2 protein chains.
Amino acid sequence: MLKNKYLIPLLFMALTTTSTLNASDTLPGASHEISYPEGWQNWSTIAVSHRTDNKTLRVILGNKIAVEAARSGQTNPWPNGSILGKVVWKDSTLPNWTAATVPKELVHTEFMFKDTEKYTETSGWGWARWLGVNQKPFNQGSQVCVSCHTPVKSRDWVYTEAAEFPRL
Amino acid sequence: MLKNKYLIPLLFMALTTTSTLNASDTLPGASHEISYPEGWQNWSTIAVSHRTDNKTLRVILGNKIAVEAARSGQTNPWPNGSILGKVVWKDSTLPNWTAATVPKELVHTEFMFKDTEKYTETSGWGWARWLGVNQKPFNQGSQVCVSCHTPVKSRDWVYTEAAEFPRL
């Protein structure tokens with residue numbers, strides 16, 4: 001049992017800790033020492049894809065630097081500061097239009113952070129992944145990511161081709 | 001031949017007209033009397049889909065009202081002011097990963113504008129479409145759109161189910 005004289009200060013600490021919580025405290029932990037990219041849910045679209053081998057649908061998003069690079073075709077190399085996000089869902093069929101394949105459960109989100117000075121060991125990119133709808137950090141090593149992306153080394157390690165957007 | 005005395009004022013008019021052009025003057029014309037939704041290229045994602053019947057990939061975007069409704073599951077009915085955008089590309093295969101279906105040519109963009117007071121004749125939505133990368137306005141009548149959406153009348157005329165996004 002704690003003595004009474006400790007209870008007031010402990011209560012005070014608990015309350016002040018709670019009241020100073022900010023958004024970053026509620027975000028998922030780091031993946032490969034990379035912080036969770038807050039606000040990606042509102043980023044703009046770079047492309048979409050449907051992988052028939054593992055039955056997943058994806059949208060590829062980007063932060064402002066990446067989207068500007070994608071829309072102007074400046075993607076080999078992508079500029080430093082670019083962040084690419086890939087949101088991956090299991091595919092399913094739309095009940096009202098069975099020829100339409102649509103997203104079901106969220107599998108994971110994956111991000112590539114371009115910084116040629118920081119990520120010299122991993123081809124100029126930081127690689128991160130968060131699993132499932134609760135976004136559990138993936139920490140099994142960036143080499144898993146780099147290995148899979150080696151076939152597109154000559155495309156600055158990026159599979160995605162930016163989708164065509166209207167010339168306005 | 002114009003007389004010289006007219007040339008100076010005409011030149012002045014031409015110059016001032018050009019210099020007062022603003023962004024909306026360079027946008028595509030109206031579709032079904034609906035103005036082009038400027039800036040949709042940066043809207044956030046609601047879902048994606050792959051239609052295997054006509055071999056097209058799609059991203060479904062929304063303005064702020066629509067995205068907030070989608071993320072909070074308030075979509076039957078969608079709130080007034082919602083705009084849903086569907087960007088449709090012909091599908092193709094990624095050279096470096098042939099099991100990945102990816103976007104090729106832009107087919108068209110389609111938009112639904114929710115306004116139950118304005119669009120009483122067309123089920124509470126305004127329907128618009130712009131064709132190809134040059135976004136030529138489609139003006140063959142909203143009935144084309146409404147007919148195709150009739151099977152989802154009970155879903156407020158919308159096929160799209162909002163994709164799962166992380167609960168953070």
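Worth saying up front: this structure is predicted, and the values here are computed from it rather than measured. First the proteins, then the strands, lettered A, B, ... as listed; each starts at 1.
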Considering only heavy atoms, which portion of A:Val152 lies under 4.5 Å from any heavy atom of chain B: side chain, backbone, both, or neither? side chain
Hey, which of A:Ala47, A:Pro166, A:Pro103 has the most heavy atom pairs under 4.5 Å with chain B? A:Pro166
What part of A:Leu106 lies closer than 4.5 angstrom to a heavy atom of chain B: side chain, backbone, both or neither? both
Is there a continuous path of hydrophobic side-chain contacts, each under 4.5 Å between heavy atoms, that joins A:Trp125 to A:Val87? no
Is it possible for you to say whether A:Val102 and B:Leu57 belong to one hydrophobic cluster, with membership spreading through side-chain heavy-atom contacts below 4.5 Å? no
Option that, when pairs with chain B are counted at under 4.5 Å, heavy atom only, ranks first among A:Val67, A:Asn96, A:Ile60: A:Asn96
Looking only at heavy atoms, which two atoms of A:Tyr159 and B:Leu94 are closest? And how far apart? O-CD1, 3.7 Å
If you tally heavy-atom pairs under 4.5 Å against chain B, which of A:Tyr36, A:Trp89, A:Phe165 wins? A:Trp89
If you define the side chain from C-beta out and look only at heavy atoms, does anything of A:Arg58 sit under 4.5 Å from B:Val48? no
With chain B as the partner, which of A:Thr101, A:Thr56, A:Asp91 has the greatest number of non-hydrogen pairs under 4.5 Å? A:Thr101
Interface moiety of B:Arg155 toward chain A, non-hydrogen atoms closer than 4.5 Å: side chain
Please state whether the side chain, the backbone, both or neither of A:Arg71 comes within less than 4.5 Å of a heavy atom of chain B. side chain
Structural part of A:Trp43 lying under 4.5 Å from a heavy atom of chain B: backbone
Connected via hydrophobic side-chain network under 4.5 Å: B:Phe111 and B:Ile34: yes
Are any side-chain N or O atoms of B:Thr52 and backbone N or O atoms of A:Ala99, one a donor and one an acceptor, separated by less than 3.5 Å? yes
When hydrophobic residues are tied together by side-chain contacts of less than 4.5 Å, even through go-betweens, does B:Val146 share a cluster with B:Trp78? yes
Heavy-atom contact with chain B under 4.5 Å, split by part of A:Leu61: side chain
What's the separation between atom NZ in A:Lys104 and atom CD in B:Glu161, rounded to the nearest 0.5 Å? 6.0 Å
Please check if A:Trp127 and A:Tyr119 belong to a single hydrophobic cluster, counting links between Ile, Leu, Val, Met, Phe, Trp and Tyr side chain heavy atoms closer than 4.5 Å. no
Counting heavy-atom pairs closer than 4.5 Å to chain A, which one of B:Thr160, B:Asn134, B:Thr109, B:Asn42 comes out on top? B:Asn42
In terms of heavy-atom pairs under 4.5 Å with chain B, the winner among A:Pro95, A:Gly132, A:Ser49 is A:Ser49
Nearest-0.5 Å distance that lies between atom OG1 in B:Thr98 and atom CZ in A:Arg51: 10.5 Å
Determine whether more than 12 heavy atoms belonging to other residues, nucleotides or ligands lie under 6.0 Å from atom NZ of B:Lys90. yes
Less than 4.5 Å to any heavy atom of chain B: does that hold for the side chain of A:Glu164, its backbone, both, or neither? both
